[in-house]
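Below is one structure, written out as structure tokens, with a few remarks after it.
Small disclaimer: the values here were computed from a predicted structure and weren't measured.
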Amino acid sequence: MPRAYAFTYSPLHPKSYVSRAPAAIESTVRVASTATATPDLPPEALIPAPLNPVQRLRRAATFWSQVVPILGNYALIQRKLAAAKEKGDPVSPEEEVKLWEDAHNWGAERLASTIQTLKGFYVKSGQVISTRVDMFPKAYTDRLMSLQDSVEPVPISVVKAVVRQDLLEGEPLENLFKEFDEVPLGSASIAQVHRAVLRDGREVAVKVQRPSEEPKLRGDIANLKAFSKRFRDSLPVDYYRVFLELERALTNELDFLAEAQAMEKIAAAVAHTPDGRPAVAPLVVPRAINGLVSKRVIVMDFIHGTPLTRLKDRMAERGIPEGSPEAAIFSRRLLSSLTEAFSRMVFGDGFLHGDPHPGNIFVMEGGGIALIDCGQVKQIGNSQKLRLADLVLKVSRYGKPDGPTAIELSKTVEGFGVEFKEGARPEIGAALALLLFGGTGTILPGGYSSMELSASSPLREIKSFPNDLVMLGRATVIIKGIASKVGVPWNLADRFAEGAQMALECGMDGCSVPIYSTIAPTRLGKEMPRTAGGTGISRRRFSEVRDAFRMVRQVAREWALGKAWESLPSPAKQFFIQREARRLQRLEAREQEEEDELRKLRGGLNEKSSPPLPPGPSVSENDVSSGDTEHENVILLPTEKVASSDH
């Protein structure tokens with residue numbers, strides 16, 4: 001069924017209403033006419049009880065019994081290949097590829113089946129795997145992609161009971177809502193979302209936490225921690241520390257009051273430069289409706305859009321081929337929006353969104369981007385932020401005549417508190433920094449591989465990684481993973497450089513108090529300036545007036561260009577699209593030439609340092625997707641508002 005789901009508010013991106021598909025209209029239910037749909041029971045009587053200890057133990061046993069054989073199968077194949085080699089009768093390359101492919105397909109199917117059976121927090125782990133085409137075999141990413149938006153919904157009677165209990169003290173739903181869709185727009189491991197209309201006519205999205213789900217989720221992450229700790233040496237990344245940080249984030253995800261506050265902070269961050277000046281937001285962020293938030297329910301603004309997970313199929317229906325000029329333009333726009341938004345979050349107040357997987361990235365009318373679900377967030381301290389800014393600038397200059405050496409870059413990384421295993425090469429820190437922030441396809445120093453599943457990946461040499469940087473690392477690898485999917489060369493360090501420089505210029509004390517504490521809400525009226533103490537009305541500073549005029553000019557320019565674009569006939573639009581695509585192709589060619597020159601310089605530096613590492617036997621690099629596959633250019637430019645959802 002076609003659906004629409006995205007919610008956001010921004011003074012720079014006015015809400016847009018679009019007629020819904022007939023099937024979706026049929027699912028809209030007038031609250032006043034559905035009194036019989038909800039049993040005449042108090043809300044608490046409809047809410048299921050949490051899992052008991054025996055049920056949680058059964059879930060743990062199911063997980064271990066299904067997942068451990070996957071790793072065991074890989075270990076058996078490695079032993080088989082090694083034994084054949086020792087006997088002098090090695091397996092042919094074609095047969096080896098077939099062995100790995102069969103193992104990947106079997107493992108992916110088994111893992112997906114287990115996740116679908118258990119659901120809970122395992123779904124979120126599967127979602128992360130599905131985004132990493134540059135890290136996991138294609139069989140896994142393809143099979144787990146469906147997890148982005150296919151979780152069985154909670155019964156509508158339970159959803160309404162939770163809303164009545166948390167927002168209405170048990171009173172009827174029609175006291176607040178004029179309409180409440182019974183079919184959810186999206187259903188995820190922690191919550192699901194329904195479209196509704198308030199009594200004053202505002203269209204909203206209502207996010208409702210799955211009741212009694214917290215014990216199950218905490219049990220799931222306990223299993224994942226135990227599994228990742230037990231098989232630490234067999235996994236490509238130290239997932240134990242990752243799950244420790246995700247466990248902390250889960251606490252916030254289960255508290256929608258914290259999420260509502262995070263929405264305000266992130267919305268403010270992306271609308272200001274790192275030094276605190278107002279700027280047009282590169283993307284829009286959902287915000288809560290004042291007063292309609294509890295720990296388990298949050299009511300948000302609503303607009304129509306399409307998540308990245310569904311955009312490819314929808315554009316195929318529209319007859320827009322992969323690799324088209326529209327795809328090339330939109331791919332860069334998408335990456336530019338995400339990169340600029342995270343630059344402002346990280347190097348501004350250091351408060352960032354920690355879960356930008358494709359299901360949380362929406363495409364709105366005209367190609368605008370929305371970033372939803374502020375449940376997983378992270379506050380980076382000022383000292384770490386400044387270290388990070390210094391590291392990003394060094395990575396950006398690496399390989400250039402005035403840039404740092406690999407050893408100097410490694411010492412900077414060690415300053416974060418990162419610890420590496422004994423025997424790691426001196427260039428290990430530089431290799432890690434370049435893997436996280438360097439350009440696509442960058443050759444890593446010390447003979448390390450940029451293929452994260454490879455035995456020579458720098459990620460395998462990590463002994464300890466600071467927990468407060470796990471979320472940032474996750475965000476950077478997801479952005480680079482999207483770049484690999486759409487086939488666009490992307491260097492995060494180069495694009496973070498301006499924001500990093502601003503952070504260093506502001507210093508430890510920052511250029512101002514956190515930006516989210518200096519601006520007042522603007523949803524229903526004029527913004528009211530606050531004094532430094534946070535109370536009363538103060539006069540506008542000249543710099544604020546100047547910045548406001550600058551932003552108004554920019555918004556007016558974008559509005560004028562948008563109106564002019566709408567008035568153009570289709571042939572003219574196609575002409576400009578193709579011309580812009582050719583310009584982007586020339587830009588990419590120049591960037592590739594510059595990257596090739598830097599590779600030559602870096603190659604010379606590497607030859608003077610450590611010899612390459614011998615290839616490891618654990619995973620064949622031929623089995624790892626590097627982006628040169630059919631995953632390229634899967635993100636396409638929408639030509640209309642598409643009804644779809646995910647959360």
Do the side chains of E498 and T273 get nearer than 4.5 Å, heavy atoms only?
no
When every non-hydrogen atom of A262 is compared with those of C374, the smallest separation belongs to CB-O, 3.7 Å
Calculate, to the nearest 0.5 Å, the distance between atoms CG and CD1 belonging to L334 and I369 respectively.
5.0 Å
Report yes if some heavy atom in the side chain of L432 is under 4.5 Å from a heavy atom in the side chain of F420; otherwise report no.
yes
Checking the side chain of E408 only, and the main-chain atoms of T405 only, is there a donor and an acceptor separated by less than 3.5 Å?
yes
In sequence, state the C-alpha distance, the side-chain angles, and the governing distance for F416 and L391, and then conclude on side-chain contact (heavy atoms from CB on, under 4.5 Å).
CA-CA 10 Å; F416 284 88; L391 174 64; 3.7 Å; yes
Would you find a donor on one side and an acceptor on the other, under 3.5 Å apart, between the side chain of Y448 and the backbone of E427?
no
Between L504 and L393, is there a side-chain heavy-atom distance shorter than 4.5 Å?
yes
Counting only heavy atoms not in K411 (residues, nucleotides, ligands), do more than 12 fall under 6.0 Å from its NZ?
no
Does S396 use its side chain to pair, donor to acceptor, with the backbone of V392 at less than 3.5 Å?
no
With side chains defined as the heavy atoms from C-beta onward, is the minimum distance between R495 and W490 less than 4.5 Å?
yes
For N491 versus D494, what's the shortest heavy-atom pair and its separation?
OD1-N, 3.0 Å
Heavy-atom nearest pair, L409 first then K394, reads CD1-CB, 3.7 Å
For E340 and P282, which heavy atoms make the closest approach, and how far apart are they?
CG-CG, 3.9 Å
Please examine the side chains of F437 and K480, heavy atoms only from C-beta on, and report whether any two atoms are closer than 4.5 Å.
no
Expected output: side-chain D373 to main-chain G375 donor-acceptor under 3.5 Å
yes
Can you tell if the side chain of R387 reaches within under 4.5 Å of the side chain of D390, non-hydrogen atoms only?
no
Non-hydrogen side-chain atoms of L308 and N360 separated by less than 4.5 Å:
no
Any side-chain heavy-atom pair of L444 and S449 under 4.5 Å
no
Can any side-chain N or O of K265 pair as donor or acceptor with the backbone N or O of L352 at less than 3.5 Å?
no
List the atom of I428, the atom of E461, and the distance in Å for their closest heavy-atom pair.
CD1-CB, 3.6 Å
Whether the side chain of H353 engages the backbone of M263 through a donor-acceptor N/O pair (distance < 3.5 Å, no angle test) should be reported.
no
A341 and V270: which non-hydrogen atoms are nearest, and at how many Å?
CB-CG1, 4.0 Å
Judged by atom type as modelled, is there a donor-acceptor pair below 3.5 Å linking the side chain of T339 to the main-chain atoms of S336?
no
